[in-house]
Amino acid sequence: MHELTRRSLSLMVGTALTMGAATAAWSAETLQDVMKRRGLTEKDLLAAAKTYTPTGGRDEYLAFSSGGQSGQVIVYGIPSMRILKYIGVFTPEPWQGYGFDDESKAVLAQGRIRGKDIVYGDTHHPAISETDGDYDGKYLFINDKANPRVAVIDLHDFETKQIVANPFFKSEHGGAFVTPNTEYIMEGTQYAAPLLEDGFVPLEEFNDKYRGGLTYWKFNREKGRIEPENSFVFELPPYSQDLSDAGKQDSYGWGFTNSFCSERYVGGIERGRPPFEAGCSSKDTDFLHLTNWKKAEELVRAGKVEQERGMYFIPMEQAIAEGLLYLIPEPKSPHGVDVTPDGKYLIVSGKLDSHVSVYSFEKIMQAIEEGEFEGKDPYGVPIIGMQDVLHTQINLGLGPLHTQFDPEPCVAYTSLYVDSQVAKYDYCKGKVLDKLSIHYNIGHLMTMEGDSVSPDGKYLVALNKLAIDRFNPVGPLHPQNHQLIDISTEKMQLLYDMPVPLGEPHYVVAIRADKLKPAVRYKSGWDSRTDQRSPYKTRAGREKTERTCDAEGKCTTEVWGTVIRSHITPEIIEAEEGDTVKIHLTNLERAQDEVHGFAMYGQNVQLSIEPGKTASTTFVADQAGVFPYYCTEFCSALHLEMQGYLLVRPKGYQATAVKLVEGTLYTKEDYETQVKTNLETQAVIDQVVAYITSHNFKDFPTVVALVEDATDQLGFSEGAKKKSEEAAAKEDWQNAMLWANQWWQYQVKAADLGLRAKTYLEESGAQKVW
Ligand code: K7E
Ligand code: CUA
């Protein structure tokens, strides 16, 4: 056992010295040799040079991709296209304890639909919080199309904090889109359904009783949470509302939502009726909905809107009477509606039309002011004449879907689903500038910060619906394909294919990486889901286990424990068959990346406890037995030894007189050998400490945290040393040896941290201070 750790200690010291030799071996092959061997062209090399990120290098942008029907968010870097994280949102994710610890179970429970646990989501549109229309990197929102819900992710720790379930809708699609100061998060319905009734309503009553809707969820920035009680919902006609976008700059205060199937067709292929796809695409135009959220907010504040289901509900008649709702025809089965960075134009793509239609917001406002409408829809919503407000229409190609923007004024990119192309064009002049073929059937596309008021351009990612032959075959279900495109020059250039092996990621948003400031650790004893100090916070030395029974004889065994390299306290938990077992564990580490896990046999227990976090698990020990538990993160050389037992006694168990017999007996010599090792190890530690303290380590917060943790470990080692010496004084060589060994374990951990700090200082060019 010692050998292993001793070797790893010297390995740690040695690694830094051997790195140089490995690099030398590389250059034996020239660039030309490699190109030949791998069949690469110069163009490939150029593309590689634009995406390749050397070891240890960082990306310029971080992308947050919907994970589609995986119910997650995927985080990756651009231009490297390296996946950095999955964030559990609507779906339990065991490796991050999401949906397994009590804290995150409470978040998932917020997303129950009609009292039912829904353990997946169909995520479509992520949105980064904005200040003055620009990404601020604080929060991320994402919608669930299947079960109308919106989730809040805090980008301080990349964890899901809240899920709100829409109490009116039965499906949604037009979310999540934020207003320019994240005042609201838009969520529009997709398939019409009764809004105020949850019971059965026959399809024959579709026109009268089925409705679409648009929710403006109020976001409280200070709390970092959505406030349903301050949110409002527009009742809309039963057209299938589709995507939305919030107005900005000139169009601030308005929201735009398009729709398809304004034919109000209800299907019935099995009854001999033509299917939905025929009935929903027969008219030449559908309707773009305009909603004035600023004015709606004033009405809500003035107490003029009725409350329903814990929110404010604006019936269509009220919206029409107050001038909050208008329609504009838009060609045919549209998909995306995207507001230009200056807010002056809206670009609408008709899936079944080869044009994008560019609407002028100024003209729209003029039509509304002059009361110039071409009529009303069957629900009395005023319709603004399309020709009155169109700026231009541009013939781009087949199947236009979504649009993003370039930093160059008037330049936009639209995806062409049927043509499998990206079109670059000038929407002011109505001129196509460039086209690039992608593989295959592009859905959304995304430029860097490309839906904000100040797009960065640089890169474009094509989110393709089909991969077909782009990757090694892995069975009938293929990965998705995100293609990276360089848009920094006039001609677009395809750089790289990235397989996304999850659900269908409909949309991605990317933010400049330096706008994000993620935490390294939590404040000690932190409940990361409520963002408050956990009531179960436990400090070193204060660990305890208590068993209490209520009046009915129902008993609970509750553990307040800690985890730190490399032990779980407690290591033995005793309970009785039928007990409710509650285990709260606090990670005492401060060092970066020192996460511990906690898994147990047969109880569906799996926690991920990041530095500082307190996580809890609750289960019923309904069977007597032996249940080993352990840490699931390889956290130190003695990670495997980070273990313990839950012993569940049968009811009425009588303890026998059997005494614990030690597996191995130790002698005075064993003790003395161990002490010798410890003194040698201390010499190594002293050298490392001397190195660190002779440099300006206090200028490096990462090193300061490592030194704090190392100091803790050395403090623990002092305690173990004292215990070993006390046992030795009593000639109790068994305990003297074991405590001497524990003393050494703490030393090894301190040395590990110290060496990491030393390496960091060396690589960061720390200055010698004395
Ligand atoms: Cu798939 Cu935005 Cu839901 Cu288009 S959406 S492709
Ligand atoms: Cu902690 Cu392994």
Side-chain angles (χ1 to χ4, degrees), residues 65-69 97 121-127 142-146 148 171-177 186-191 240-245 257-258 260 333-338 348-351 399-404 414-418 420 422 438 440-446 451 461-466 480-482 503-509 561-569 571 585-589 591 593-599 606-611 613 615 629-644 709 745 749 752:
S65 172
S66 130
Q69 62 275 41
D122 182 16
T123 61
H124 278 234
H125 306 109
I142 192 151
N143 70 323
D144 172 10
K145 170 168 167 161
S171 82
E172 58 105 288
H173 190 230
F177 298 95
M186 300 172 77
E187 185 191 32
T189 47
Q190 179 100 87
Y191 306 114
S240 297
Q241 280 76 24
D242 199 38
L243 283 151
S244 306
D245 202 1
T257 303
N258 46 26
F260 60 91
S333 301
H335 197 34
V337 49
D338 296 283
V348 170
S349 305
K351 294 194 297 282
L401 294 187
H402 297 287
T403 300
Q404 292 261 300
T414 292
S415 51
L416 302 174
Y417 176 85
V418 178
S420 293
V422 173
I438 56 79
Y440 303 94
N441 297 96
I442 180 171
H444 275 269
L445 43 59
M446 185 256 318
D451 60 8
V461 177
L463 282 68
N464 306 321
K465 299 299 185 192
L466 302 178
Q480 305 290 324
N481 184 9
H482 286 194
E504 182 182 326
H506 292 260
Y507 185 39
V508 182
V509 283
T562 59
V563 286
I564 190 166
R565 274 160 292 174
S566 312
H567 50 262
I568 302 166
T569 307
E571 299 189 335
L585 294 172
T586 299
N587 184 343
L588 300 176
E589 311 274 358
D593 205 14
E594 270 308 334
V595 176
H596 300 286
F598 182 78
Q606 160 54 28
L607 307 180
S608 171
I609 320 164
E610 292 81 39
K613 191 191 251 190
Y629 55 82
Y630 64 95
C631 168
T632 44
E633 294 262 346
F634 210 109
C635 50
S636 74
L638 287 181
H639 147 78
L640 293 178
E641 290 77 357
M642 201 164 166
Q643 57 167 348
D709 267 13
Q745 296 307 339
K749 280 168 256 192
D752 177 18

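This is a predicted model, so every value here is computed, not measured. In each ligand, atom 1 is the first atom listed, and ligand 1 is the first ligand listed. When reading the values below, keep in mind they use all heavy atoms of this one structure, side chains included, and skip hydrogens, waters and symmetry mates.
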Could you tell me, atom by atom, which parts of ligand 1 come under 4.0 Å of a heavy atom of Lys465?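 Near Lys465, the atoms of ligand 1 are 1 (Cu), 6 (S).
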
Atom indices of ligand 1 within 4.0 angstrom of His335 heavy atoms, with elements: 4 (Cu), 5 (S), 6 (S)

Show the nearest heavy-atom pair for residues Leu585 and Thr569, with the distance to one decimal. CD2-O, 4.4 Å

What do you reckon, are the aromatic ring centroids of His125 and His173 less than 6.0 Å apart?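 Between His125 and His173, the centre distance is under 6.0 Å.
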
Electrostatic pair Glu172-Lys145, nearest N-O below 4.0 angstrom: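 No, Glu172 and Lys145 are not salt-bridged.
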
What protein N/O/S atoms are there under 2.8 Å from atom 3 (Cu) of ligand 1, waters excluded?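 Protein N/O/S atoms under 2.8 Å of atom 3 (Cu) of ligand 1: His124 ND1, His173 NE2.
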
Does Tyr440, at its OH atom, have more than 12 non-hydrogen atoms belonging to other residues, nucleotides or ligands within less than 6.0 Å? yes

Between His402 and His444, is any side-chain donor less than 3.5 angstrom from a side-chain acceptor?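 Distance-only check passes for His402 and His444.
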
Asp709 side chain vs Ala591 backbone, donor-acceptor pair below 3.5 Å: yes

Does Ser66 use its side chain to pair, donor to acceptor, with the backbone of Gly68 at less than 3.5 Å?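 At least one qualifying donor-acceptor pair exists.
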
Specify which N/O/S atom of His402 comes nearest to atom 4 (Cu) of ligand 1, by atom name. NE2

